[in-house]
Engineer: 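Sharing a structure, written as structure tokens. Questions coming.
Basis for what follows: all heavy atoms, side chains included, without hydrogens, waters or symmetry-related copies. These numbers come from a predicted model, not from an experiment.
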Amino acid sequence: MDVAALRIESIKFRRVASNFLNSTRDNCDVNLERLFGYIETSVYVREIVHGVVDDVDFDFRSCFPSHASDWREMAIPQKPEDHLKAQYDYMKYICTNDKVNVENEAFHYYYGMKKINDMIQSFAESAFKPMIDYIVDALAEKTILAEAENPHSAGTYIHNVQGAVIANNTGSVQINQTINPDVEKLLQMIQTAGTILSNSGDTSETLESIKDDLDSIVEQLQSEHPKKSRVRKALDGIKSFAGNVCSDTASAALSGALVAAASQVDWNAMIQLGSNLLSQLH
């Protein structure tokens, strides 16, 4: 398995899933269709989902009832594979039925005195977040296994940003490319940080956001043409997260498990290395 491809896949999927989980009444249907379309067309994600649901016989209405006389109540099945099957089929039902939409489905469930957008987001999370988490975890496991199979894969595409371009008398060009030790060190720090944070047990959007920033830097550093603007944006996100972890007032908004895990990471060293490399990109 290609480590870089898996990391990029993880970034893309979490972005599509996050867009759906934060939907409003104006875009909830489009965002769900994009999420379902991604599941169906992505090689890795399709394999993760269909590797389970295709072998499961479970009626999604046993989890998501269709009666309309009262508030509906989700009945989560005991077996995880049945729950995954129910979520997939329910998502497919909403996306492929012209008379059904996300907003109307959300209104069948009671979420208290909330605004419409809050109700839609509550529905999205309660109905489909477990499947999203399952896919994210499966992609992470595949990435770990791929890294174990090829421990040097992190540096495969890294060129020395300090390499010299030399023109000789014949008019040809020689490019002096070597592995940059600072890049290798930063990638290792990011990999370690990602593992520590993933093992925290936290499931918040804050965790997903910092993981996206870490993965974004990896994606750019593994590219033959890294984009400085993307590295800068991801680095800003890491700085903000590190500031929240180190601040007594800001960290109160984070879970204790996430703060405890994040405190094991040397964010200052990571940010310094990232800033040094950023200054060398054009």
Side-chain angles (χ1 to χ4, degrees), residues 1-15 136 139-165 175-200 202 205-247 251 254 258-282:
M1 291 183 288
D2 188 329
V3 176
L6 282 166
R7 285 174 174 162
I8 293 171
E9 187 83 350
S10 180
I11 292 173
K12 290 181 177 179
F13 175 75
R14 291 207 302 269
R15 186 174 297 122
V136 169
L139 285 171
E141 290 176 8
K142 284 180 176 291
T143 303
I144 291 171
L145 291 173
E147 289 171 344
E149 293 173 359
N150 186 9
H152 301 295
S153 60
T156 301
Y157 303 105
I158 304 300
H159 297 302
N160 182 4
V161 293
Q162 297 174 332
V165 179
I175 302 178
N176 179 20
Q177 294 176 326
T178 59
I179 298 299
N180 187 325
D182 285 344
V183 172
E184 291 277 28
K185 186 175 180 180
L186 179 57
L187 287 172
Q188 184 59 50
M189 293 179 70
I190 290 175
Q191 179 180 344
T192 300
T195 300
I196 290 173
L197 295 175
S198 295
N199 292 337
S200 68
D202 185 88
E205 288 298 318
T206 301
L207 174 62
E208 297 304 321
S209 179
I210 184 61
K211 286 170 66 176
D212 282 346
D213 289 330
L214 294 172
D215 286 343
S216 182
I217 289 183
V218 171
E219 177 187 359
Q220 290 306 309
L221 293 182
Q222 289 181 331
S223 169
E224 294 188 24
H225 304 288
K227 296 183 178 180
K228 188 172 184 177
S229 59
R230 292 189 181 179
V231 176
R232 181 187 293 111
K233 181 179 180 181
L235 196 59
D236 287 342
I238 293 172
K239 290 177 181 177
S240 176
F241 176 79
N244 287 340
V245 170
C246 297
S247 169
S251 63
L254 306 176
L258 182 56
V259 172
S263 65
Q264 302 175 46
V265 178
D266 189 346
W267 298 105
N268 289 332
M270 182 189 296
I271 291 169
Q272 184 61 55
L273 271 177
S275 298
N276 291 345
L277 291 169
L278 180 65
S279 67
Q280 299 172 36
L281 295 176
H282 302 289

Engineer: Would you say Ser275's side chain and Ile271's backbone share a donor-acceptor pair under 3.5 angstrom?
Structural biologist: yes

Engineer: Can Asn276 and Gln280 be counted as having a side-chain donor-acceptor contact under 3.5 angstrom?
Structural biologist: no

Engineer: Between Glu219 and Lys12, is there a side-chain N and carboxylate O pair less than 4.0 Å apart?
Structural biologist: no

Engineer: Out of curiosity, Asp213 CG to Lys233 NZ, how far, rounded to the nearest 0.5 Å?
Structural biologist: 8.5 Å

Engineer: How close do Leu214 and Ala193 get, heavy atom to heavy atom, and via which atoms?
Structural biologist: CD1-CB, 4.4 Å

Engineer: With rounding to the nearest 0.5 Å, note down the distance linking CD in Glu208 to CZ in Arg14.
Structural biologist: 5.5 Å

Engineer: Return yes if some donor-acceptor pair links the side-chain N/O of Ser209 with the main-chain N/O of Glu205 below 3.5 Å, else return no.
Structural biologist: no

Engineer: Could you report the tightest heavy-atom contact between Gly274 and Leu235, atom names first, then the distance?
Structural biologist: C-CD2, 3.8 Å

Engineer: Okay, side chain of Thr143, backbone of Leu139: is any donor-acceptor separation there less than 3.5 Å?
Structural biologist: yes

Engineer: Locate the shortest heavy-atom distance separating Gln220 from Pro226; write the atom from each residue and the value.
Structural biologist: O-CB, 3.0 Å

Engineer: Please round to the nearest 0.5 Å and tell me the distance separating atom CG of Leu197 and atom CG of Leu258.
Structural biologist: 6.5 Å

Engineer: Taking Ser216 for its side chain and Asp212 for its backbone only, find out whether a donor-acceptor pair lies under 3.5 Å.
Structural biologist: no

Engineer: To the closest 0.5 Å, what do you measure between CD (Gln188) and CD (Gln191)?
Structural biologist: 5.0 Å

Engineer: For the NZ atom on Lys228, are there more than 12 heavy atoms of other groups (residues, nucleotides or ligands in this structure) within a distance under 6.0 Å?
Structural biologist: yes

Engineer: Drop me the distance from Thr195's OG1 to Gln264's CD, to the nearest 0.5 angstrom.
Structural biologist: 11.5 Å

Engineer: Hey, could you give me the CD1/CD1 distance between Ile190 and Ile217, rounded to the nearest 0.5 Å?
Structural biologist: 5.0 Å

Engineer: Can you check whether Phe241's main-chain N or O pairs, donor with acceptor, with Trp267's side chain at less than 3.5 Å?
Structural biologist: no

Engineer: Specify the closest pair of heavy atoms between Leu207 and Asp202, including all atoms of both residues, with the distance to one decimal.
Structural biologist: CD2-O, 3.0 Å

